[in-house]
Structure formats: C-alpha cells, structure tokens
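Just so we're clear, the structure is a prediction, and the values are computed from it rather than from any experiment. These numbers come from the heavy atoms of this one structure, side chains and all, not from hydrogens, waters or symmetry mates.
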Amino acid sequence: MDNEMIERVAEAIFKKRYEADGTYRLLKWADYKGKDFYLEDAKAAIKAMRDPTEKMCNQGAMEMPDYDPTNDDAKTCWINMIDAVIND
C-alpha cells in the first residue's frame with residue numbers, strides 16, 4: 001500500500017489537533033505512538049473524497065487541454081488516483 005498520502009493527511013490532522021494548544025512542538029510525528037488513530041482518520045478523509053463533486057469533475061476536465069475527457073472520464077481518473085492511495 002502507498003502510505004505517502006495517508007501519512008501526509010494523518011500528520012496534518014495530528015498537527016492541526018495539537019497546534020492549537022501548543023503541544024505540537026513537544027510531540028514528534030515520527031515518534032508518536034498513537035499514529036494508528038490518525039492514520040485511520042486520514043483514510044476516512046481520503047475515502048470521503050473518493051467520489052468527486054460535479055464541480056471537481058468539470059475542473060478536472062478543463063485541466064487536460066490536450067485530451068478532451070468527459071466528466072465520467074475525470075471521475076474515473078479521480079477514483080483511480082484515490083484508490084491507488086487507500087488500497088493495498
């Protein structure tokens with residue numbers, strides 16, 4: 001499984017949680033023993049993004065000028081990218 005994106009999202013959630021009260025400076029993500037909790041939250045957040053909104057599909061289609069994909073093509077592309085991150 002490609003954990004890079006899951007790790008990024010988990011660390012961002014962790015940082016956001018502990019930055020507010022100042023303890024983030026005392027905790028190091030690399031050494032944090034409770035990572036599994038944040039990794040599961042990160043997976044849930046990424047899974048929630050798996051199905052793009054219509055606006056996202058429209059924007060994605062406009063971002064590929066050399067290829068004229070439909071909204072369904074953009075959606076399939078998005079799902080495949082998300083699946084690459086969350087699937088084993």
Quiz item: With a 4.5 Å limit on heavy-atom distance, are the side chains of Y32 and Y18 in contact?
Solution: yes
Practice problem: Of all the heavy-atom pairs spanning M5 and I46, show the shortest one and how long it is. | Solution: CG-CD1, 4.0 Å
Quiz item: side chain to side chain contact (heavy atoms under 4.5 Å, CB included) with F37: which residues, sequence neighbours excluded?
Solution: D41
Quiz item: Got a salt bridge between R8 and E4, using NZ or NE/NH1/NH2 to carboxylate O under 4.0 Å?
Solution: yes
Quiz item: Just wondering, do D51 and K75 contact through their side chains at under 4.5 Å, heavy atoms?
Solution: yes
Exercise. Report yes if some heavy atom in the side chain of L39 is under 4.5 Å from a heavy atom in the side chain of D36; otherwise report no.
Key: yes
Exercise. For K47, enumerate each residue passing the salt bridge (charged side-chain N to carboxylate O under 4.0 Å, His left out) test, keeping only those at least two apart in sequence or located in another chain.
Key: none
Quiz item: So do the side chains of K35 and F14 get within less than 4.5 Å of each other, counting heavy atoms only?
Solution: no
Practice problem: Rounded to the nearest 0.5 Å, what's the gap from CG on D83 to CZ on R50? Could you check? | Solution: 4.0 Å
Quiz item: Shortest non-hydrogen contact from A10 to A42?
Solution: N-CB, 3.4 Å
Practice problem: Under the salt bridge (charged side-chain N to carboxylate O under 4.0 Å, His left out) rule, collect the residues that match up with E7, sequence neighbours excluded. | Solution: none
Self-check item: Atom pair CH2 (W78) and OG1 (T53), whose distance is rounded to the nearest 0.5 Å
Solution: 9.0 Å
